[in-house]
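Proteins come first, then strands; the chains are lettered A, B, ... in the order of their sequence lines, and each starts at number 1. Here the structure is a predicted model, which means the values were calculated and not measured.
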Number of protein chains: 2
Amino acid sequence: MSDEPDVDAPSPRGAATLDEVARLAGVSRATASRAINGGSRVSERARVAVDDAVRRLGYTPNLAARSLVTRRTGSVALVVPEPDERVFSDPFFARTLHVVTRVLSERDLQVVLLIAGPGEQEERMLRYLRNRHSDGAIVVSHHRRDSFADQLVSLGLPASFIGRPWRHDDEVSWVDTDNVAGGREAARLLQERGCRRIATIAGPADMTAGVDRLEGWRQAMADAGHADDAVARGDFTIEGGEAACKQLLAEHPDVDGIAVASDLMALGALRVLSAAGRRVPDDVAVTGYDDLGVAERSDPPLTTLSNPISEMAAEAARLLLAQLEGGSAAPRRVVFAPTLVRRASA
Amino acid sequence: MSDEPDVDAPSPRGAATLDEVARLAGVSRATASRAINGGSRVSERARVAVDDAVRRLGYTPNLAARSLVTRRTGSVALVVPEPDERVFSDPFFARTLHVVTRVLSERDLQVVLLIAGPGEQEERMLRYLRNRHSDGAIVVSHHRRDSFADQLVSLGLPASFIGRPWRHDDEVSWVDTDNVAGGREAARLLQERGCRRIATIAGPADMTAGVDRLEGWRQAMADAGHADDAVARGDFTIEGGEAACKQLLAEHPDVDGIAVASDLMALGALRVLSAAGRRVPDDVAVTGYDDLGVAERSDPPLTTLSNPISEMAAEAARLLLAQLEGGSAAPRRVVFAPTLVRRASA
DNA sequence: CTGAAAGCGCTTACAG
DNA sequence: CTGAAAGCGCTTACAG
């Protein structure tokens with residue numbers, strides 16, 4: 001009869017609020033809140049009434065309001081400081097996302113993928129983290145230039161790294177494989193098979209995996225009294241491997257063994273070697289690194305170092321959970337061993 | 001001198017608050033807030049003082065608090081109801097993410113990728129959206145079984161679809177290509193090139209792109225008085241294309257033309273045909289669909305229908321922005337035309 | 001088990 | 001241009 005809105009009715013536009021639920025259920029806001037969140041210290045009668053009201057109103061808690069007081073968001077960011085093309089072309093990331101999602105699902109956490117190349121995108125991503133959109137972050141492929149480790153440490157945001165961070169490696173939790181050992185093993189394998197002129201296609205100098213694998217290779221070369229000057233760099237992509245292999249062939253035509261720091265780059269190297277008429281492994285033996293499926297399907301199949309990527313990702317997720325749940329757990333590091341997988345290429 | 005904490009000092013733990021910024025700058029919270037958000041109606045003097053205080057305290061606004069009142073989060077979800085393996089193996093998604101991110105970046109929106117196969121993951125994703133973690137959603141590869149269109153409509157969450165939704169197609173904004181026309185064109189091309197027994201490898205029956213392309217193919221076959229019984233289904237993956245092609249060859253050994261509903265499936269078909277000793281296009285002509293880069297690199301390169309994926313993704317982002325900014329803009333649909341790209345396979 | 005009250009940290013009319 | 005005040009929607013001691 002009146003033009004005034006009915007104050008007691010649920011708000012016509014917008015989502016229902018806890019207040020409305022409580023009113024409909026005939027309890028206080030506090031009790032409604034308890035009933036909705038687990039229901040400890042709530043009578044059966046109240047719980048049922050609240051559940052019913054929730055259903056009838058289609059109530060969903062306002063996350064912003066809840067976060068404001070609980071300081072939790074229920075989501076975790078998987079941070080990938082790489083251009084999206086690379087993220088989508090390297091199976092490493094798919095596997096990582098898959099496993100991380102599985103582990104965090106058990107705690108009912110939503111995984112949110114943040115992909116950003118350098119520059120403005122990275123700034124926005126940091127702001128996202130700084131604003132606490134997520135309860136924590138797992139950083140997966142970080143570079144010397146990016147400041148994620150610095151930022152996360154100073155933010156105090158729970159975080160874990162997959163791959164040893166450049167700085168603060170004793171202030172954040174991380175998992176990695178022993179890349180120095182892996183680099184060494186690759187070089188030794190080539191030595192043992194009788195290669196006289198062993199080169200390497202190393203990973204990016206701004207990633208610890210790149211640097212560490214190269215370091216291992218150098219150690220083994222030095223130990224065996226071999227020259228360690230046949231070094232080219234790639235960016236962990238097929239194209240990068242192609243370019244590096246061409247360069248190697250041009251500068252060191254006598255090369256008869258190449259330790260490549262990733263399977264994808266090794267694939268590129270195989271292409272170039274094939275185009276150059278060099279047989280693998282007879283003329284040039286090749287080792288890869290990662291063992292991510294592509295290694296089995298290449299021609300010839302790659303002898304490579306297998307990283308337990310699923311285990312690493314799962315462990316990184318667990319390290320994060322420990323911080324999320326255990327309060328201020330001390331940073332931990334977990335290092336896995338790579339294992340040599342012999343196939344046909346070396 | 002006292003054990004009591006100094007009440008006027010910035011809170012020792014946790015982030016600085018607007019209150020502290022205001023106090024340090026010597027202004028009210030309201031003025032500090034205005035200075036931080038754009039700075040209209042703020043004196044130069046106040047602005048400088050606030051900026052300075054922000055810097056000195058390392059202040060970051062609490063997003064939950066801000067969202068609670070503005071009802072904005074500053075982020076947008078790219079929703080992909082697919083298992084992660086598929087997302088990472090199909091270049092379509094990489095391209096889409098790339099373009100969407102670029103367009104939304106201009107409005108300073110963070111794109112958050114939500115990937116979830118059916119089941120529990122999907123539930124969690126819906127809850128994420130329902131809780132308004134994001135200001136809007138772009139849904140990219142949706143299936144009949146998933147209820148994203150229903151849910152988003154009833155949520156009232158600003159959204160746009162890439163690919164015509166199954167239901168509510170007049171209640172949400174969407175972009176698509178004219179898949180019926182594309183299916184028709186593929187069939188006609190094969191007819192014109194003289195194929196007598198034309199088959200198709202259709203996409204999933206639970207995706208509109210699959211259904212529409214098949215429908216177009218059937219129309220053209222009917223128009224030409226050809227039989228339309230040689231139909232196999234795939235799931236838009238290479239493996240799916242292989243299986244479907246094998247089936248086709250077994251059931252219709254006389255097939256001499258195949259319209260395949262995606263490039264990835266066409267790749268699988270090429271493999272199977274090659275293994276079966278059928279020359280392409282001489283024995284069997286093959287068309288793909290999408291033109292996503294793999295089409296150029298296949299052997300032989302694929303004749304295919306090119307979808308303007310970047311334009312579609314950009315348009316979808318713009319449709320979402322229109323809703324975000326224009327209030328309750330009416331839902332809009334934008335349909336692009338596919339264009340035939342002739343290469344060697346047909 | 002329950003409710004009144006305080007408070008999370010911000011923005012935004014409103015009045016000056 | 002500025003500040004006091006209200007309010008966004010929740011959770012959580014606290015007292016009963």
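Checked against ring pair (Phe, Tyr, Trp, His ring centres under 6.0 Å), B/Phe88 has the following partners two or more places apart in sequence or in another chain: A/Phe88. Residues that satisfy the side chain to side chain donor-acceptor pair (under 3.5 Å) test with B/His142, not counting sequence neighbours, are B/Asp146. Taking A/Arg95 as the reference, A/Leu292, A/Ile309, A/Ser310 meet the side chain to side chain contact (heavy atoms under 4.5 Å, CB included) condition, with sequence neighbours excluded. In this view, B/Ser154 satisfies the side chain to side chain donor-acceptor pair (under 3.5 Å) rule with no residue, not counting sequence neighbours. Residues satisfying the side chain to side chain donor-acceptor pair (under 3.5 Å) test with B/Thr73, not counting sequence neighbours, are B/Ser75, B/Asp135. For B/Arg45, there are no side chain to side chain donor-acceptor pair (under 3.5 Å) partners at least two apart in sequence or on another chain. Evaluation of the side chain to side chain contact (heavy atoms under 4.5 Å, CB included) rule for B/Ala159 yields B/Leu152 as partners, not counting sequence neighbours.
Proximity of residues 42-50 of chain A to DNA chain C (heavy atom under 4.0 angstrom from any strand atom) is restricted to A/Val42, A/Ser43, A/Ala46.
For C/dT2 and C/dA6, the P atoms lie 22 Å apart once the distance is rounded to whole Å. C/dC1 and C/dA5 have their P atoms separated by 23 Å, given to the nearest Å.
In secondary-structure terms, DNA chain D builds stems of at least 3 consecutive Watson-Crick or G-U pairs, each pair having both distances under 3.5 Å, at C:1-3 with D:14-16, C:5-12 with D:5-12, C:14-16 with D:1-3.
Sequence neighbours left out, the pairs with a member in residues 106-129 of chain A that pass ring-ring contact (aromatic ring centres under 6.0 Å, His included) are A/Tyr128-A/His133. For the salt bridge (Lys or Arg N to Asp or Glu O under 4.0 Å) condition, the pairs that include at least one residue of residues 49-65 of chain A, sequence neighbours left out, are A/Arg47-A/Asp51, A/Asp52-A/Arg56.
For B/Arg164 (side chain) and B/Arg333 (main-chain N/O), no donor-acceptor pair under 3.5 Å exists by modelled atom type.
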List the protein contact pattern of nucleotides 7-16 of chain C with one symbol per nucleotide (5' to 3'): B for base contact, S for sugar-phosphate-only contact, - for none; contact means a heavy-atom distance under 4.0 Å.
-> -BBBBBB---
